[in-house]
Amino acid sequence: MMIDKKEVLKALESITVPGEGQNMVESGAVRNIQIFGDEVEVDITIKNPSLQARKKTEVEILKAIHREVYEKAKIKVNIKVDAPATPSKKNEIKGKPIPGIQNIIAVASGKGGVGKSTVTANLAVTLAKMGFKVGLLDADIYGPSMPIMFDVAQEKPLAVNVDGKSKMKPVENYGVKLLSIGFFTQPNQAVIWRGPMASKALNQMIFDAFWGEIDFMLLDLPPGTGDIHLSIMQAMPVTGAVVVSTPQEVALADARKGVAMFQQDSINVPVLGIVENMAYFTPAELPENKYYIFGKEGAKYLSEDLNVPFLGEIPLVQSIREAGDVGRPAALQTATPIEAAFEELTKNVVQQVVERNENIPPTEAIKITTMAGCSAVKKK
């Protein structure tokens with residue numbers, strides 16, 4: 001089928017440019033359209049530098065052309081960002097920067113039991129396998145699990161002298177530097193702390209530790225959207241957040257809240273994307289079979305609905321659980337589908353971090369005043 005350029009232009013008139021009142025044809029955002037049979041290539045220039053705006057623009061163009069012109073059209077969208085220069089104003093980092101740490105990624109979930117810590121541990125070891133210098137802070141104060149997952153439950157951080165000051169030296173295994181409250185408590189000891197005490201413990205593990213040079217610092221946050229999350233984002237400039245969910249509707253409802261927390265105006269941490277964990281069950285004896293126990297592609301549809309990237313899906317496989325229990329993350333199992341799944345996820349996370357750093361200014365560590373930013377109350 002030969003596609004008419006006029007029909008493509010008419011379809012694009014139904015799309016509003018992010019941050020502007022005009023449609024993308026009137027505003028001049030559409031710079032060029034090329035037609036090759038049933039193939040369409042569209043060049044777009046927008047002023048909003050955010051990753052979300054770029055993704056939303058691309059998705060809306062694809063939907064509009066498929067809906068109004070030809071549903072089987074092959075479309076390529078080239079988006080260029082032409083953000084206005086603001087040389088006089090720079091982002092002020094209100095929190096304390098951590099020397100040597102390049103990127104800080106918060107791994108969160110709105111709900112417990114979705115495998116957030118498992119995803120974090122495997123993401124960390126995969127980054128290390130790729131040659132990056134990796135740190136992992138187990139910020140789940142009330143349920144620390146990283147010492148078990150890295151087979152270092154009996155280890156204790158040592159003290160080292162750095163420029164005349166005593167610092168904690170993180171425990172290291174599989175190429176990942178690790179600190180957790182689990183190193184300082186007994187296995188059968190419950191951590192019964194109020195918010196300020198938990199926040200103080202976190203600050204000590206962040207700033208009283210000698211991390212050295214780190215390319216990616218992963219933060220394994222507790223479930224929900226509470227005090228620990230705010231303390232972390234007040235303490236340091238977080239590069240971006242990864243939200244983990246299962247395809248189940250109950251988990252997706254909470255994952256939506258987790259994304260909304262990071263996107264609040266008073267917090268404003270870029271969401272790098274959503275991971276669908278336990279996407280399907282695959283028995284070892286029938287590796288080609290997929291059973292969608294918790295639903296199918298729910299997190300993928302959620303990412304499309306929220307206009308945030310979909311980072312990948314991790315299957316529900318017995319060996320992932322077994323590997324976590326014995327302290328050797330499953331991503332270390334070479335030449336397996338599990339290794340391939342975590343490698344694909346990790347590559348997508350790295351790609352999103354690169355794009356985020358190219359297109360969005362550094363994140364400010366948030367400064368919370370009164371109730372703004374720490375509840376559903378909107379700033380007036």
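In what follows, every heavy atom counts, from backbone to side chain, and hydrogens, waters and symmetry copies are set aside.
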Would a distance-only check, ignoring hydrogens and angles, find a side-chain to backbone donor-acceptor pair under 3.5 Å from [X] to [Y]?
X      : Y      : result
Glu344 : Ala340 : no
Thr239 : Ile104 : yes
Arg328 : Phe150 : no
Asp305 : Tyr301 : no
Asp215 : Phe132 : no
His66  : Ala73  : yes
Glu39  : Lys74  : no
Asn122 : Ala331 : yes

Does one hydrophobic cluster hold both [X] and [Y], with members joined at side-chain heavy-atom distances below 4.5 Å?
X      : Y      : result
Val114 : Phe281 : no
Leu345 : Met278 : no
Tyr292 : Ile274 : no
Ile206 : Phe210 : no
Tyr280 : Phe294 : no

What distance separates [X] [atom1] from [Y] [atom2], expressed to the nearest 0.5 Å?
X      : Y      : atom1 : atom2 : value
Gln333 : Ile338 : CD    : CD1   : 7.0 Å
Asn348 : Leu272 : CG    : CG    : 11.0 Å
Leu123 : Thr346 : CG    : OG1   : 4.5 Å
Met205 : Leu179 : CE    : CG    : 6.5 Å
Lys72  : Ile3   : NZ    : CD1   : 12.5 Å
Met217 : Ile105 : CE    : CD1   : 11.0 Å

Report yes if some heavy atom in the side chain of [X] is under 4.5 Å from a heavy atom in the side chain of [Y]; otherwise report no.
X      : Y      : result
Glu304 : Val59  : no
Val107 : Val243 : no
Ser14  : Glu68  : yes
Val30  : Ile44  : yes
Met24  : Thr57  : yes
Val152 : Phe183 : yes
Leu286 : Thr282 : no
Ile15  : Ile61  : yes

Looking only at heavy atoms, which two atoms of [X] and [Y] are closest? And how far apart?
X      : Y      : answer
Ser117 : Met149 : O-SD, 3.8 Å
Pro147 : Asp138 : CD-OD2, 3.9 Å
Pro247 : Gly295 : CB-O, 3.3 Å
Asp38  : Tyr70  : CB-CE2, 4.0 Å
Leu136 : Ala121 : CD1-CA, 4.3 Å
Val171 : Lys156 : CG2-C, 4.0 Å

* Asked: What's the verdict on side chain to side chain contact (heavy atoms under 4.5 Å, CB included) for Thr246 and Glu276, showing C-alpha distance, side-chain angles and the deciding distance?
  -> CA-CA 5 Å; Thr246 64; Glu276 182 169 275; over 6 Å; no
* **Derivation and outcome, side chain to side chain contact (heavy atoms under 4.5 Å, CB included), residues Thr120 and Met146** => CA-CA 9 Å; Thr120 307; Met146 288 303 167; 3.8 Å; yes
Determine whether more than 12 heavy atoms belonging to other residues, nucleotides or ligands lie under 6.0 Å from atom [atom1] of [X].
X      : atom1 : result
Tyr174 : OH    : yes
Lys129 : NZ    : yes
Glu288 : CD    : no
Lys177 : NZ    : yes
Ile148 : CD1   : no

* To do: Please test Asn23 against Leu12 for side chain to side chain contact (heavy atoms under 4.5 Å, CB included), starting from the C-alpha separation and ending with a verdict.
  => CA-CA 8 Å; Asn23 69 59; Leu12 297 181; over 6 Å; no
* Would you call Lys116-Asp220 a salt bridge at under 4.0 Å N-O? -> yes
* To do: Please test Asn357 against Asn103 for side chain to side chain donor-acceptor pair (under 3.5 Å), starting from the C-alpha separation and ending with a verdict.
  => CA-CA 9 Å; Asn357 288 340; Asn103 298 287; 3.0 Å; yes
Side chains of residues 162-170: which donor-acceptor partners sit under 3.5 Å, not counting sequence neighbours?
unit_1	atom_1	unit_2	atom_2	d
Lys167	NZ	Phe207	O	2.9

Side-chain atoms of residues 307-324: list all donor-acceptor pairs with protein atoms under 3.5 Å, sequence neighbours left out, distances to 0.1 Å.
unit_1	atom_1	unit_2	atom_2	d
Gln318	NE2	Glu322	OE2	2.7
Arg321	NH1	Asp325	OD2	3.0

* Give the C-alpha distance, both sets of side-chain angles, the deciding distance and a yes or no for side chain to side chain contact (heavy atoms under 4.5 Å, CB included) between Val77 and Ile75. => CA-CA 7 Å; Val77 181; Ile75 307 165; 4.0 Å; yes
